[in-house]
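Sequential numbering from 1 along the given sequence is applied to the chain's residues.
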Amino acid sequence: MPSPQLPRAVFAMDPVHLPLLFPQPLIARLRRTADIDPGLVVRDFTDPATADALASAEVLITGWGCPHLDADALTATPKLSAVLHAAGSVRSLVGDALWERGVTVSSAVTGNALPVAEYTLAMILLAGKDTFDHRERFRRSHAYPTPAETAATGNLGRRIGVIGASRVGRRLLELLRPFDLTVLLHDPYVSPAEAAALGAELLSLEDLLRHSDIVSLHAPDIPETHHMLDRTRLALVRDGGVLINTARGALVDHEALTDELVSGRLSAVLDVTDPEPLPAGSPLYQLPNVFLTPHIAGSLGNELERLGHIVVEELERLAGGLPPVHEVRHADLTRVA
């Protein structure tokens, strides 16, 4: 019997990410499942050099640096039936035309959620130990803190407010379970019973801000959440409170947050900002109560291979006639980070 014809697949992303997402063992699995050229990576859907490959493509394997999948992209890919995204959210990648055509969309966002949740857990525990302030004091004094200086330090019973039961938020809630912490949750789509099952107490946003020692943002970046932490809501956080943002900078009124941080009333761990990166003159680069990182919470280095595994497994399922496990539906993008 003749072998079944393999589906035609094409990479569409910044090629710098390809070797880490798909090391050689994963490339070998891809080539057993699909007709794909690892040396061909599309960066422009209007490039004549890739027109023939795109015209026959049934599957696009996308990643960071992929052009927007708009009407022009669909014109270039008339046979396209599936997009497998080897990165996080597809919110900014997929246009209305693709949803209207009914193309299957799958994302490795669940794989990308794990390192974000791990990073956040680490920062919560470090913040609870007042690690960043103690580091600054130790640099200046070279002396160990007195009992009076550590009286408010520690994670026992620390109140952690999680905003958003997104994939990252839910994974974080799982990671928080072994610790002696009080976990609060705000998410308009979650019931009190579901919150309890997740190990958290459901509160309004305002009450969560009032009662939390550490607030961690995991909401989606949609119009309804733009500047959800504005000046009024930031003022609800107790003196000495800590804000952790690994979601999107636009969820916070940056001017209001800067004022709170410059005053020293609040501290922050910011892996994302608005704008990103911050301008060179921003005081946040120098403030001792701000721990600023360059958007590193998501998958980096060897963590990228996890995303590649998810995509390869999805392609194997689709090629075998099985439904995808990590499918993204248009309606999901109004509530999933």
Side-chain angles (χ1 to χ4, degrees), residues 1-70 72-90 93-95 98 101-115 298-329:
M1 293 179 61
S3 301
Q5 186 173 355
L6 297 178
R8 174 66 170 152
V10 174
F11 288 114
M13 64 180 71
D14 186 332
V16 72
H17 300 303
L18 194 62
L20 288 173
L21 286 166
F22 300 99
Q24 284 306 310
L26 286 184
I27 289 291
R29 282 177 63 182
L30 279 175
R31 299 190 76 173
R32 289 195 294 269
T33 309
D35 176 9
I36 190 166
D37 178 2
L40 176 67
V41 184
V42 173
R43 294 296 306 279
D44 180 355
F45 288 110
T46 64
D47 184 356
T50 60
D52 289 344
L54 288 171
S56 62
E58 300 165 75
V59 178
L60 283 180
I61 297 177
T62 61
W64 293 290
C66 177
H68 187 60
L69 299 180
D70 55 13
D72 290 339
L74 289 183
T75 298
T77 55
K79 296 183 178 180
L80 184 65
S81 62
V83 172
L84 309 181
H85 192 50
S89 174
V90 299
L93 174 69
V94 177
L98 187 135
R101 185 191 281 190
V103 173
T104 297
V105 178
S106 171
S107 172
V109 65
T110 53
N112 197 49
L114 177 56
S299 298
L300 290 178
N302 62 22
E303 295 166 336
L304 293 172
E305 186 176 343
R306 181 188 289 122
L307 310 185
H309 271 284
I310 290 173
V311 165
V312 171
E313 290 166 359
E314 287 286 72
L315 183 59
E316 290 169 344
R317 277 189 285 269
L318 290 173
L322 299 174
V325 170
H326 302 282
E327 184 174 4
V328 180
R329 302 182 189 279

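Between Asp47 and Val42, the closest side-chain pair of non-hydrogen atoms is not below 4.5 Å. Looking at Leu315 and Val312, their side chains never come closer than 4.5 Å, going by heavy atoms from C-beta outward. Between Val59 and Leu318 there is no side-chain heavy-atom pair separated by less than 4.5 Å. For the pair Ile61 and Ile36, the minimum side-chain heavy-atom distance is below 4.5 Å. Counting heavy atoms from C-beta on, the side chains of Arg29 and Glu313 come closer than 4.5 Å.
With hydrogens and angles disregarded, no donor-acceptor distance shorter than 3.5 Å links the side chain of Glu305 to the backbone of Asn302. In terms of modelled atom types and a separation under 3.5 Å, the side chain of Asn112 and the main chain of Ala87 share no donor-acceptor contact.
The heavy-atom pair separating Gly111 from Leu307 by the smallest distance is C-CD2, 3.6 Å. Here the shortest heavy-atom pairing between Cys66 and Ala12 reads CB-O, 3.2 Å. When every heavy atom of Pro15 is checked against every heavy atom of Arg43, the shortest pair comes out as CD-CD, 3.6 Å. Of all heavy-atom pairs between Ala57 and Val10, the closest is CB-CG2, 3.8 Å. Here the shortest heavy-atom pairing between Leu6 and Thr33 reads CD2-O, 3.6 Å. Between Val94 and His68, the shortest heavy-atom distance links the atoms C-CE1, 3.8 Å.
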Sequence neighbours excluded and cut-off under 3.5 Å, please list the side-chain donor-acceptor pairs for residues 73-85, or say none.
from, atom 1, to, atom 2, distance (Å)
Thr75, OG1, Ala71, O, 3.0
Thr77, OG1, Ala73, O, 2.8
Ser81, OG, Glu58, O, 3.2
His85, ND1, Thr62, OG1, 2.7

Which donor-acceptor pairs under 3.5 Å do the side chains of residues 19-28 make with protein atoms, sequence neighbours left out?
none

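Shown here are the side chain to side chain donor-acceptor pair (under 3.5 Å) partners of Ser106, two or more places apart in sequence or in another chain: Glu314.
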Item to complete: Could you please spell out the steps behind the side chain to side chain contact (heavy atoms under 4.5 Å, CB included) verdict for Asp14 and Trp64?
Response: CA-CA 6 Å; Asp14 186 332; Trp64 293 290; 5.7 Å; no
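The 12-atom threshold is exceeded at CZ of Arg101, counting heavy atoms of other residues, nucleotides or ligands nearer than 6.0 Å.
Residue Arg317 holds its CZ atom at 11.5 Å from CD of Glu327, rounded to the nearest 0.5 Å. Note that CG of Leu93 is 8.5 Å distant from CG of Leu98, once rounded to the nearest 0.5 Å.
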